[in-house]
Amino acid sequence: MEILSIKDLTFSYSGSDKKVLNGLTLSINEGEFVVLYGKTGCGKSTLFKLIKKELTPAGVENGEILFKGKNKKELSLRESAEGIGFVMQSPENQIVTDRVWHELAFYMENLGYPSEKISARVGEVSNYFGITPWFGKDTVCLSGGEKQLLTLASVMTVSPSLLILDEPTARLDPIAANGFLSTIKRLNSELGITVLLCEHRLEEVLPIADKIAVMEEGKISYYGSPREVCKKIADGEYEKVLPTAAKLWNKMGREGEIPLSVKEGREYLSKMESKNQITVTEEKKGEVALEMKNVWFRYEKKEEDVLKGADATVFSGEIFSIVGGNGSGKSTMLKLLAGIKKPYRGKVIIRGKNVARMKKEELYRNNIAYLPQDPLTLFLRDKVADELGEEGKSIAEKMGMGKLLNSHPHDLSGGEQQKCALIKLLNLKPKILLLDEPTKGLDCFSKEELGRTLKSLNGITIVLVTHDLEFAASVSDRCTLMFGGEILPPPRPENFFSENNYYTTSAARIGRGMLPHAVTTEQILFGYGNEN
């Protein structure tokens, strides 16, 4: 039985003739787990908002959206609020109260549920989602993973039959992301909740999904089971989208069924014989660009330290990546390197000078550029073109973003905002580039483009904080893990990822024990003589 039916849906935002959606048709049956994939800016978030009546943006909408056989326009706000749950990419944009238990009760209170039913449901949901240990906490004190779980739990208090999630793991570390996705699968399999999930990281979601829809140019171009769709897209540009196991199958003979998971990838690889060994190049040590020496930092005097004697050395011209759990201090460390925050003990040294003694002009003019997690904080004008300047516009044109130059920065997708922010920073001609989650919201094509761009910035020192382990493995000169307020010694990516069990890539997991030091798809293909 269909729970959601979308027929010939078109949509243009107010004041624009461009059709963001162009005759989109999609049918989802009750109880299905459906993944929606599409390039950055293809209209996925717009589609999700159109399904949810109370989130429908202003614009011209044609076509039909049916929820349980009823036209969206005829649904009452209560029917939409209770029947369709919605989880956004950023939990900060969805959490509205100060305490965890207030947030859990918020949806039901606003829908007028009796207090005794609210108490019973909040208790049940709190236990199901494992929230009870932090039930009384302030919401601002939660980690990113806890905030996203709280958002999901709050939505589930009203027992929706359809759950829509718009890139919910984009801001989560790999371990928290896997835990969150496991919870979504439990809701689907144990409670029969229909799931429609937008996600760029298909590696984790395809093995647990029933169907995948690929969206391009405002419509659905492929729709079916993950194996069916992966086979169909393996020959074209969307081959880059495939999970690592499927990419290996596609390049190494296509024998047997297409593998999707790490387990299936290992089974497939075990039948092959390796031909080349992966060599680990020596670390290139040159002039020191950045140093942290015994750095201690806390936001308030009575709060716990975020950094606890942190030490780090970054060499000129290298790409230095830092991974770690939500709340481990990675973003705080970047703010210290950027001179935005000051340590209460220890030193931050930039190109031989103590940051504490540097004037702002000396620190930022042609020296340091900092990309925060929220790129919108960098935009001050009404048009992208005005933000980027002539040189930036030329770069944007080369990156296929010319059509966005007359747009307002706030009207761009999250991935498009990331790209524009990076272009704006490169215009400043920095010697040091500090990037906080630069791949957030980017599809695999944009990530590949970003990787090429970063590698081409000869002489620029890059410190990269990321949850994207595959990206870090492909671009970094050295990688490290941040834990307990400290920065662990940073080895080469081949050593870092091959020695880790959890903070590692799918390629490293697939090749472990068969091809030492292989941590990317390309390295495995080289090892088995299929580098072309």
Chemist: Is the closest basic N to carboxylate O distance between Glu318 and Arg478 below 4.0 Å?
Modeler: yes
Chemist: Between Ser270 (side chain only) and Glu267 (backbone N and O only), is there a donor and an acceptor less than 3.5 Å apart?
Modeler: yes
Chemist: Under a 4.0 Å N-O cut-off, is there an ion pair linking Lys424 with Glu391?
Modeler: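 Looking at Lys424 and Glu391, the cut-off is not met.
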Chemist: Look at the side chain of Ser456 and the backbone N and O of Thr453, then say whether any donor-acceptor pair between them is shorter than 3.5 Å.
Modeler: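 Indeed, once roles are kept as given, a pair shorter than 3.5 Å links the two residues.
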Chemist: Give a yes or no on whether the backbone of Asn294 and the side-chain of Arg345 come within a donor-acceptor separation of less than 3.5 Å.
Modeler: no
Chemist: Can you label the angle between the Trp296 ring and the Tyr344 ring as parallel, tilted or perpendicular, going by 30° and 60°?
Modeler: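 Trp296 vs Tyr344 ring planes: tilted.
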Chemist: Which pair of non-hydrogen atoms, one from Ser274 and one from Tyr528, has the smallest distance, and what is that distance?
Modeler: N-CE2, 3.4 Å
Chemist: Looking at side-chain heavy atoms only, is the closest gap between Leu412 and Lys419 below 4.5 Å?
Modeler: no
Chemist: Heavy-atom distance under 4.5 Å between the side chains of Leu450 and Val475, does that happen here?
Modeler: no
Chemist: Is there a side-chain contact between Asn366 and Leu428, using heavy atoms and a 4.5 Å cut-off?
Modeler: no
Chemist: So how far is it from Leu435 CG to Leu425 CG, rounded to the nearest 0.5 Å?
Modeler: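 Going from the CG atom of Leu435 to the CG atom of Leu425 covers 7.5 Å.
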Chemist: Any donor and acceptor pair, going by atom type alone, linking the side chain of Thr40 with main-chain N or O of Asp443 inside 3.5 Å?
Modeler: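 Looks like yes, one N/O pair under 3.5 Å.
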Chemist: Side-chain donor-acceptor pair under 3.5 Å between Thr169 and Arg201, yes or no?
Modeler: yes
Chemist: Nearest 0.5 Å please: distance from the OG atom of Ser331 over to the CG atom of Asn326.
Modeler: 9.0 Å
Chemist: Should Lys335 and Asp436 count as side-chain neighbours, where that means a heavy-atom distance under 4.5 Å?
Modeler: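 Result no, sub-4.5 Å side-chain heavy-atom pair not found.
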Chemist: Between Lys393 and Glu390, is a salt bridge (charged side-chain N to carboxylate O under 4.0 Å, His left out) present by the stated rule, with each step listed?
Modeler: CA-CA 5 Å; Lys393 285 192 287 184; Glu390 290 303 318; 2.9 Å; yes
Chemist: For residues Gly324 and Leu481, report the shortest heavy-atom separation together with the two atoms involved.
Modeler: CA-CD1, 3.7 Å
Chemist: With a 6.0 Å cut-off on the ring centroids, do Phe483 and Tyr503 count as close?
Modeler: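 When the ring centroids of Phe483 and Tyr503 are compared, they turn out to be at least 6.0 Å apart.
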Chemist: Using the ring-ring contact (aromatic ring centres under 6.0 Å, His included) rule, take Phe180 and Phe129 through it: C-alpha gap first, then chi angles, then the decisive distance, then the call.
Modeler: CA-CA 10 Å; Phe180 186 85; Phe129 287 93; 9.0 Å; no
Chemist: Regarding Lys211 and Glu32, does a basic nitrogen lie under 4.0 Å from an acidic carboxylate oxygen?
Modeler: yes
Chemist: Answer yes or no: is there an ion pair linking Glu522 with Lys247, defined by an N-O contact shorter than 4.0 Å?
Modeler: no
Chemist: Supply the atom-to-atom distance Ile212 CD1 to Lys232 NZ, rounded to the nearest 0.5 angstrom.
Modeler: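 Ile212 atom CD1 to Lys232 atom NZ measures 12.0 Å (nearest 0.5 Å).
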Chemist: Under 4.0 Å between a side-chain nitrogen and a carboxylate oxygen: does that hold for Asp305 and Arg298?
Modeler: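 Yes, charged N to carboxylate O under 4.0 Å.
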Chemist: Among Glu217, Glu216, Glu237, find the one that has a side-chain hydrogen bond (donor to acceptor under 3.5 Å, both in side chains) with Lys39.
Modeler: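 Single pass found, and it is Glu237.
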Chemist: Return yes if some donor-acceptor pair links the side-chain N/O of Ser316 with the main-chain N/O of Glu287 below 3.5 Å, else return no.
Modeler: no
Chemist: Do any N or O atoms from the side chain of Tyr268 and from the backbone of Met252 form a donor-acceptor pair under 3.5 angstrom?
Modeler: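 Side chain of Tyr268 to backbone of Met252: a pair is present.
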Chemist: Please examine the side chains of Phe497 and Cys479, heavy atoms only from C-beta on, and report whether any two atoms are closer than 4.5 Å.
Modeler: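 The answer is yes; the side chains approach within 4.5 Å.
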Chemist: Tell me whether Glu291 is salt-bridged to Lys347, with the criterion being a basic N under 4.0 Å from an acidic carboxylate O.
Modeler: no
Chemist: Could you measure the distance from the CG atom of Leu337 to the CZ atom of Phe320? Nearest 0.5 Å is fine.
Modeler: 9.5 Å
Chemist: Can you name the nearest heavy-atom pair linking Phe496 to Val323, along with the distance?
Modeler: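 Nearest pair, atom of Phe496 first, then Val323: CZ-CG2, 3.7 Å.
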Chemist: Quick one: do Lys147 and Glu92 satisfy salt bridge (charged side-chain N to carboxylate O under 4.0 Å, His left out)? Show the steps, please.
Modeler: CA-CA 8 Å; Lys147 286 179 180 177; Glu92 287 83 1; 3.5 Å; yes
Chemist: Measure the spacing between CD of Gln89 and CD of Gln94 and express it to the nearest 0.5 Å.
Modeler: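 CD of Gln94 is found 12.0 Å from CD of Gln89.
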Chemist: Give me the atom names and distance for the closest heavy-atom approach of Gly511 to Ile524.
Modeler: N-CD1, 4.2 Å
Chemist: State the CD1-NZ distance between Ile368 and Lys360, to the nearest 0.5 angstrom.
Modeler: 13.0 Å
Chemist: Donor-acceptor pair, Gln523 side chain versus Thr520 backbone, under 3.5 Å?
Modeler: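 Checking the backbone N and O of Thr520 against the side chain of Gln523, a donor-acceptor pair under 3.5 Å is found.
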Chemist: How far apart are the closest heavy atoms of Leu469 and Tyr502, and which atoms are they?
Modeler: CD1-O, 4.3 Å
Chemist: Does Glu304 CD have over 12 foreign heavy atoms under 6.0 Å away?
Modeler: no
Chemist: For Phe297, is the NZ or CZ atom of Lys341 found under 6.0 angstrom from the centre of its six-membered ring and inside 45 degrees of the ring axis?
Modeler: no
Chemist: Determine, for Asp235 against Arg254, whether the closest basic-nitrogen to carboxylate-oxygen distance falls under 4.0 angstrom.
Modeler: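 Looking at Asp235 and Arg254, the cut-off is met.
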Chemist: Judged by atom type as modelled, is there a donor-acceptor pair below 3.5 Å linking the side chain of Thr439 to the main-chain atoms of Leu442?
Modeler: no
Chemist: For Glu257, is there an ion pair with Lys231 - N to carboxylate O distance below 4.0 angstrom?
Modeler: yes
Chemist: Within the side chain of Trp249, is there an N or O that forms a donor-acceptor pair under 3.5 Å with the backbone of Gly256?
Modeler: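 Yes; at least one donor-acceptor contact below 3.5 Å.
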Chemist: Is any NZ, NE, NH1 or NH2 atom of the basic residue among Glu494 and Arg492 found under 4.0 Å from an Asp or Glu carboxylate oxygen of the other?
Modeler: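 Yes, this pair counts.
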Chemist: Quick one: closest heavy-atom pair of Thr244 and Ser506, and the distance?
Modeler: OG1-CB, 3.7 Å
Chemist: Does Asp311 pair with Lys293 as a salt bridge, N-O distance under 4.0 Å?
Modeler: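 Salt bridge: no.
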Chemist: Treating Tyr238 as the side-chain partner and Val214 as the backbone partner, does any N or O pair qualify as donor plus acceptor under 3.5 Å?
Modeler: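 A pair under 3.5 Å: no.
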Chemist: Indicate yes or no: at least one non-hydrogen side-chain atom of Val87 is less than 4.5 angstrom from one of Leu163.
Modeler: yes
Chemist: With the side chain counted from C-beta on, respond yes when Val241 and Leu202 share a heavy-atom pair under 4.5 Å apart, and no when they do not.
Modeler: yes
Chemist: Is Glu204 salt-bridged to Lys185, cutoff N-O under 4.0 Å?
Modeler: no
